[in-house]
Amino acid sequence: MDVENLEKINGLLDADVDIREKIKDQVTEFDKRTRSLSGTLNRIHSTRSDQMAALLDTARPIFESCRETTTALAAIIPPNQFWKWKDMWVNSLRNVVFSATLVEYLHRGTLLSLQQVSETLGIKPEWQDRFTLSVEDYLHGVISLVNELSRLAVNSVTLGDFEQPIKISLFVKDVFAGFSMLNLKNDLLRRRYDSLKYDIKKIEEVVYDVSLRKLAPSAKEQPT
């Protein structure tokens, strides 16, 4: 290689190192915020339904801080390099997607769409080639939501909320039906989707026990 070519390659390598370090700093902050969200939302399993709204309110400012991180990352990533760097923040992003969908379910009983999660995190359409929420990362977050709701179904009964498992059952079955219509080619995503059957079974067992003991209306009597 001639000297000019070597200098050009060194310049590109140095630029990559600089970008990587800047991303790493932002991802460290992102991790702290997602862990804070997880810690806050883990309290849903010991919080009664009449106190849930107050708990969810404490999580909202953390989402605001996550918007600062997504903005910073979008400013760092060069055009058309999203796929080159996305693995550095993918776990944090999936965790915050999970948290956003969990808050929405507990607040309204509905599922946030991919676009709505993107808006919650302040991700703008014009960032698509630098920082965006991919379909796969959104779906991973939704699967984590179902995993968590199966746990909540059990703990709700412990807290005396016998209707929550039935609501969760209807919601989760609807989500599962949606997944069944997708052509999932990603191996990890497909395996995680298959595991949802165990979550559904766990929830159904709770619903059966609650219904058998006549502690709550049957699922058929619940509004859809």
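Note that the structure is predicted; figures quoted are calculated from it, not measured. Counting begins at 1 with the first residue of the sequence.
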For this session: Would you tell me whether Arg151 and Asn42 have side-chain atoms, one donor and one acceptor, within less than 3.5 Å of each other?
Result: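 Yes.
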For this session: Could you verify whether a donor N or O on one side chain and an acceptor N or O on the other, from Asp161 and Ser156, lie under 3.5 Å apart?
Result: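 Side chains of Asp161 and Ser156: no pair found under 3.5 Å.
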Do [X] and [Y] have side-chain heavy atoms sitting under 4.5 Å apart?
X      : Y      : result
Phe179 : Leu184 : yes
Phe30  : Val96  : yes
Ile203 : Tyr208 : no
Gln116 : Leu111 : no
Asp16  : Trp85  : yes
Lys201 : Ser150 : no
Glu148 : His45  : yes
Met52  : Gln164 : no

Do [X] and [Y] sit within salt-bridge range, that is, some charged N less than 4.0 Å from a carboxylate O?
X      : Y      : result
Lys202 : Glu205 : no
Asp18  : Lys22  : yes
Lys173 : Glu204 : yes
Arg190 : Asp194 : yes

I need the [X] [atom1] to [Y] [atom2] distance, nearest 0.5 Å.
X      : Y      : atom1 : atom2 : answer
Leu41  : Arg43  : CG    : CZ    : 9.0 Å
Leu93  : Asp87  : CG    : CG    : 11.5 Å
Phe131 : Leu73  : CZ    : CG    : 5.0 Å
Ile200 : Ser195 : CD1   : OG    : 10.0 Å
Phe63  : Thr120 : CZ    : OG1   : 7.0 Å
Glu136 : His140 : CD    : NE2   : 6.0 Å

Provide the closest heavy-atom pair for [X] versus [Y] in the form atom of the first, atom of the second, distance.
X      : Y      : value
Pro78  : Ile19  : CG-CD1, 3.5 Å
Ser180 : Ala177 : OG-O, 2.5 Å
Val207 : Ser169 : CG2-CB, 3.8 Å
Leu55  : Thr40  : CD1-O, 3.7 Å
Ser65  : Arg33  : O-NH1, 2.9 Å
Leu102 : Leu145 : CA-CD1, 3.5 Å

Quick check on [X]: does its [atom1] atom have over 12 non-hydrogen neighbours (other residues, nucleotides or ligands) under 6.0 Å away?
X      : atom1 : answer
Lys84  : NZ    : yes
Arg48  : CZ    : no
Gln115 : CD    : no

Donor-acceptor pair, [X] side chain versus [Y] backbone, under 3.5 Å?
X      : Y      : result
Ser36  : Lys32  : no
Arg130 : Ala74  : yes
Thr70  : Leu121 : yes

Under a 4.5 Å side-chain heavy-atom rule over Ile, Leu, Val, Met, Phe, Trp and Tyr, are [X] and [Y] clustered together?
X      : Y      : result
Trp83  : Met88  : yes
Leu159 : Val157 : no
Val90  : Ile76  : no
Tyr198 : Phe98  : no

Problem set entry | Pair listing, salt bridge (Lys or Arg N to Asp or Glu O under 4.0 Å) test, anchored in residues 89-110, at least two apart |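 Counting only pairs at least two positions apart or across chains, the salt bridge (Lys or Arg N to Asp or Glu O under 4.0 Å) contacts touching residues 89-110 are Arg94-Asp137, Glu104-Arg108.
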For this session: Could you please spell out the steps behind the side chain to side chain contact (heavy atoms under 4.5 Å, CB included) verdict for Leu112 and Val103?
Result: CA-CA 10 Å; Leu112 283 179; Val103 168; over 6 Å; no
Exercise. Can you say whether the rings of Trp89 and Phe82 are parallel (under 30°), tilted (30 to 60°) or perpendicular (over 60°)?
Worked result: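 Correct class here is tilted.
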For this session: Measure up the Tyr193 and Phe176 rings against each other and bin them: parallel (under 30°), tilted (30 to 60°), perpendicular (over 60°).
Result: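 The arrangement is parallel - the two ring planes meet at less than 30°.
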For this session: Assess whether side-chain hydrogen bond (donor to acceptor under 3.5 Å, both in side chains) is satisfied between Ser144 and Arg192, documenting all intermediate values.
Result: CA-CA 9 Å; Ser144 295; Arg192 292 200 67 203; 3.0 Å; yes
For this session: Any chance you could lay out the side chain to side chain contact (heavy atoms under 4.5 Å, CB included) test for Asn147 and Leu196, step after step, and finish with the verdict?
Result: CA-CA 7 Å; Asn147 298 154; Leu196 293 182; 4.0 Å; yes
Problem set entry | Test side chain to side chain contact (heavy atoms under 4.5 Å, CB included) applied to Leu106 and Leu152, step by step | CA-CA 11 Å; Leu106 293 171; Leu152 182 61; 3.8 Å; yes
For this session: Evaluate salt bridge (Lys or Arg N to Asp or Glu O under 4.0 Å) for Arg213 paired with Asp209, printing each intermediate quantity in order.
Result: CA-CA 6 Å; Arg213 297 169 182 267; Asp209 189 54; 3.1 Å; yes
Exercise. Are Leu189 and Ile143 close enough, and set up right, to give a side chain to side chain contact (heavy atoms under 4.5 Å, CB included), and what steps lead you there?
Worked result: CA-CA 9 Å; Leu189 197 56; Ile143 290 172; 3.9 Å; yes
